Amino acid sequence: MTIRTEICLSGMILSLKTGVSEEERSRLQKVRLDGRIHLDPSRTQGGVTDRIEDTVDYARLADTLKEAAQTVSPHLLERLGHHLGKTLLAQFPAIWSGSLTLTKDPAPLDRHPETVVSVTITFTKEGSD
């Protein structure tokens, strides 16, 4: 029997300089991050042992995402998501795969001010998919 664990993040706010235009990049913008992180069952036993050492620490996961967002100033949400996914895979051996949805609200669409824009990035360790 295999039981898989998924950590879900919802509503994390990242503040960073991002955007295509210079005007957009001239100030910090808020990007909402929602994510689903799948853990490798061979590397996590938290469901059995009930010990934080045997899983991914949620606080460390959130801190890592916030810190990683501060190290880039991407033009595109796609670039930010790529950077965050690579960072998670590099820093957490127990993470097998995941997806991150990055949302800009309001979106910088002059002709469509009511529009919200989101990008979802999916990432997987090599050889695990």
Side-chain angles (χ1 to χ4, degrees):
M1 171 175 71
T2 301
I3 297 175
R4 298 196 183 272
T5 300
E6 180 178 88
I7 297 172
C8 299
L9 301 167
S10 182
M12 177 180 284
I13 301 298
L14 305 173
S15 293
L16 68 150
K17 290 192 177 186
T18 183
V20 175
S21 72
E22 284 305 314
E23 189 278 323
E24 193 179 6
R25 295 174 65 75
S26 69
R27 65 192 185 293
L28 287 177
Q29 296 196 46
K30 296 193 182 313
V31 175
R32 177 185 166 131
L33 183 146
D34 298 291
R36 301 176 85 78
I37 309 299
H38 307 138
L39 304 184
D40 180 344
S42 70
R43 293 182 172 261
T44 55
Q45 295 297 312
V48 175
T49 67
D50 203 26
R51 294 169 18 112
I52 190 73
E53 298 83 13
D54 295 331
T55 190
V56 170
D57 181 329
Y58 316 146
R60 183 172 164 241
L61 179 69
D63 289 346
T64 298
L65 287 164
K66 286 223 176 203
E67 290 167 10
Q70 297 303 306
T71 67
V72 292
S73 182
H75 291 274
L76 304 176
L77 292 177
E78 289 88 334
R79 174 68 183 118
L80 175 60
H82 180 89
H83 175 69
L84 296 176
K86 281 183 66 172
T87 298
L88 291 181
L89 290 176
Q91 293 193 22
F92 294 91
I95 293 178
W96 170 69
S97 67
S99 64
L100 302 174
T101 298
L102 301 161
T103 303
K104 251 184 163 177
D105 182 12
L109 304 175
D110 294 335
R111 293 185 307 267
H112 308 281
E114 73 288 350
T115 302
V116 175
V117 173
S118 294
V119 170
T120 299
I121 303 295
T122 302
F123 54 92
T124 304
K125 278 192 177 165
E126 291 295 322
S128 61
D129 197 7

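Numbering starts at 1 and runs along the sequence shown. Computed from a predicted model, the values in this text were never measured in an experiment. Worth knowing before you read on, the calculation uses all heavy atoms, side chains too, and leaves out hydrogens, waters and symmetry mates.
- Of all non-hydrogen atoms in L84 and A68, the two that sit nearest each other are CD2-CB, 3.7 Å.
- I37 CD1 to S99 OG: the interatomic distance, rounded to the nearest 0.5 Å, is 7.0 Å.
- Nearest heavy-atom pair, L100 versus G35, reported as atom, atom and distance to 0.1 Å: CD2-CA, 4.1 Å.
- Partners of L89 by side chain to side chain contact (heavy atoms under 4.5 Å, CB included), not counting sequence neighbours, listed by chain and number: I95, F123, K125.
- Minimum heavy-atom separation, K17 to R25: CD-O, 3.4 Å.
- Scanning for side-chain hydrogen bond (donor to acceptor under 3.5 Å, both in side chains) contacts around T115 gives an empty result, with sequence neighbours left out.
- L28 belongs to no hydrophobic cluster with other residues, because no ILVMFWY side-chain heavy atom falls under 4.5 Å from its own, directly or through intermediates.
- For T64, there are no side-chain hydrogen bond (donor to acceptor under 3.5 Å, both in side chains) partners at least two apart in sequence or on another chain.
- Taking a 6.0 Å sphere around CD1 of I13, one finds it holds more than 12 heavy atoms contributed by other residues, nucleotides or ligands.
- T103 and S118 get closest at one heavy-atom pair: OG1-OG, 2.7 Å.
- The stretch residues 61-89 participates, sequence neighbours left out, in no salt bridge (charged side-chain N to carboxylate O under 4.0 Å, His left out) pair at all.
- Other cluster members for L76: V20, joined by side-chain heavy-atom distances under 4.5 Å among Ile, Leu, Val, Met, Phe, Trp and Tyr.
- Applying the side-chain hydrogen bond (donor to acceptor under 3.5 Å, both in side chains) rule to S26 yields no partners; only residues at least two apart in sequence or on another chain are considered.
- Shown here are the salt bridge (charged side-chain N to carboxylate O under 4.0 Å, His left out) partners of D57, two or more places apart in sequence or in another chain: there are none.
- In the hydrophobic clustering of ILVMFWY residues, with side-chain heavy atoms under 4.5 Å counting as a link, Y58 and M12 come out together.
- Linking ILVMFWY side-chain heavy atoms closer than 4.5 Å, directly or via other members, places I121 and W96 in two distinct hydrophobic clusters.
- Of all heavy-atom pairs spanning V56 and A94, the tightest one is CG2-CB, 4.0 Å.
- Considering only residues two or more places apart in sequence or on other chains, L9 meets the side chain to side chain contact (heavy atoms under 4.5 Å, CB included) condition with L33, L61, L65.
- Scanning for side-chain hydrogen bond (donor to acceptor under 3.5 Å, both in side chains) contacts around H75 gives an empty result, with sequence neighbours left out.
- The salt bridge (charged side-chain N to carboxylate O under 4.0 Å, His left out) analysis of residues 26-36, with sequence neighbours excluded, yields the pairs E6-R36, E23-R27, R32-D34.
- Side-chain contact of T44 with T55: a donor-acceptor pair under 3.5 Å is absent, judged by distance alone.
- With rounding to the nearest 0.5 angstrom, the CG atom of L14 is 12.0 Å from the CD atom of Q29.
- In this structure, R60 CZ and F92 CZ are separated by 4.0 Å, a value rounded to the nearest 0.5 Å.
- Judged as a side chain to side chain contact (heavy atoms under 4.5 Å, CB included), and not counting sequence neighbours, the contacts of T2 are R4, P41.
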